[in-house]
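Since this is a predicted model, take the numbers as computed values, not measurements. Counting starts at 1 for both ligands and their atoms, in listed order.
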Amino acid sequence: MKKIIILLSVLSLGCKTQNNMVQPTGLVANAAMVVSAREEASKIGVEIMRRGGNAFDAMVATELALAVAYPFAGNIGGGGFMVYRKANGEIGSLDYREKAPLAATKDMFLDENGNVIKGKSTESPLAIGIPGTVAGVFAVHEKLGSLPIEEILKPVIELAERGVVVTKKQENRLNDYRDKIIKVNGDKTLFATAFKENDIIKYPALAATLKRISKNGRDEFYKGETAKILVNYLQEKGAIITLEDLDKYEAKWRTPLIFDYKDLKVISMAPPSSGGICLAQIFKMAEPFDLAKMGHNSTEAIQVIVEAERRAYADRSYFLGDPDFVKTPLKELTSDDYLKQRMSNFSFEKATLSSEMKEGKVMYNESTETTHYSIVDQFGNAVSSTTTLNDGYGSKYYCDELGFFLNNEMDDFSSKPGEPNLFGLVGNEANSIAPQKRMLSSMTPTIVEKNGKLFMVVGSPGGSTIITSVLQTILNVYEYSLSMQDAVNAPRFHHQWLPDLITFEPNTFDTTTFETLKSKGYLINEKTNPVIGKVDAILVLPNKKLEGGADFRGDDKAVGF
Ligand code: GLY
């Protein structure tokens, strides 16, 4: 099996058609496409574009359809980020990340001795941040949408009423999480039922919530009947979110983080996501090396990428947080001089040890479980959105009356400097908890231009592995001439400074690669994280058609016309 996968990857390298185009292996569409975690959501996004809607209308539809079809991570009880590029080249990004409630405190997850209380930031009602998704989709619609909101929400509401077929992977996920869901919601909750593959789950409560939102708009969720039901539910469970918290929530337009890699222009998310800045640092540190010549997933290429990742994640842990609260030295962290100096102690002979390497010196004044979708419309607009509840099914708190799960995003704050979160990421003062602050994210919705034209729309779930999955997918297409689908399918690896391990997708890499890396002092982890990222991407082919890359690791699907 191992050999077959490696062979397939190698065979598809450089497989070009007569007009020097890499042979696509994913779905090819002429004009418009959505790639998302569920076929039902991709279809609804495409249906909206067929009716004349643009990528932004499709974004609203796809985001909300995922809340129905993919409750594992799709949501209206969580938040996310969206990066866009209009057909005329105009770019922008929206932050609809959750915020800490007004009553949140820096030490809320610590005991009287200052130690982190296990599970409090992930599985208690205090783990829930103020949801941003509904504010996000309405902000997008108001600024960039074209169809009436009722028309966009209609197929989503119909899907919730009609129900969604359970896939095998979904059955397995629900089995894995059922006990935890029952523990916090009781055995009358919707997901207490042991749903099996091919069962149909109907969501009448969510349909009713979406109907009210369709009729009354954004404020229904933040001030209306839905807000009141939600706050009653949360307070009954012991959460600290109030009506005032919901009322104060705003999604925020932010300047995207932009950098060049060779002749690519990469447009990604700035803080409070660490995605764009880490991606920029890793690409820039790797740029002086000839990765293509080293070979796809060769030991040397793995070393370069891992050492760049190590350094970027060390900086992430120290410097990054919500820019509304802490000053982040973005320019300094991405400057050529700084990054050159940062890689100056790298050697192909021996691994740099994370224990001997901390954040760099910068002069300035001061699950894995998320979901991504990519959209290109028939007008040439592109949307890259990543949205999350944090862990699978978030905090597991499911408001049966409203029909959705609540996030456990508070765990993305640093509960205590140096203490790892759910993803093993350690943070510092910059990402400490404060009322109304947004927790640092790894979500990396990204759009890539080549020669000034739209080239790729890409992103992934996967907590801390999001950034490295996006990085490798872009490199797979650009440096290694893989088709979009092959680039998404290719085996991935990941390093995040601490713990000092290279995690490989199990059974996909050669044992000789491992032996060589071990001899140079690298620690190999092939056991945990069976999946690194789950990328959904779209590539604009030289003939202007679109190739989808829908990750085979999930039920992901590209749909287009
Ligand atoms: N909750 C995962 C992230 O935002 O990075």
[X] bridged to [Y] by N-O distance under 4.0 Å:
{"X": "D315", "Y": "R342", "result": "yes"}
{"X": "D555", "Y": "K168", "result": "no"}
{"X": "K396", "Y": "E123", "result": "no"}

Show me which atoms of ligand 1 lie under 4.0 Å from any heavy atom of [X].
{"X": "M443", "result": "4 (O), 5 (O)"}
{"X": "D412", "result": "1 (N), 2 (C), 3 (C), 4 (O), 5 (O)"}
{"X": "N390", "result": "1 (N), 2 (C)"}

Original post:
What do we get for R97 next to ligand 1 when only non-hydrogen atoms under 4.0 Å count, side chain, backbone, both or neither?
Top reply: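 Near ligand 1, R97 shows its side chain, while the N, CA, C and O stay back.
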Original post:
What part of E409, side chain from CB on, backbone N/CA/C/O, both or neither, has a heavy atom under 4.0 Å from ligand 1?
Top reply: side chain
Original post:
Y70 ring centre to R38 NZ or CZ under 6.0 Å, with the angle to the axis within 45°?
Top reply: no
Original post:
What do you reckon, is CD of E142 surrounded by more than 12 foreign heavy atoms closer than 6.0 Å?
Top reply: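 Open.
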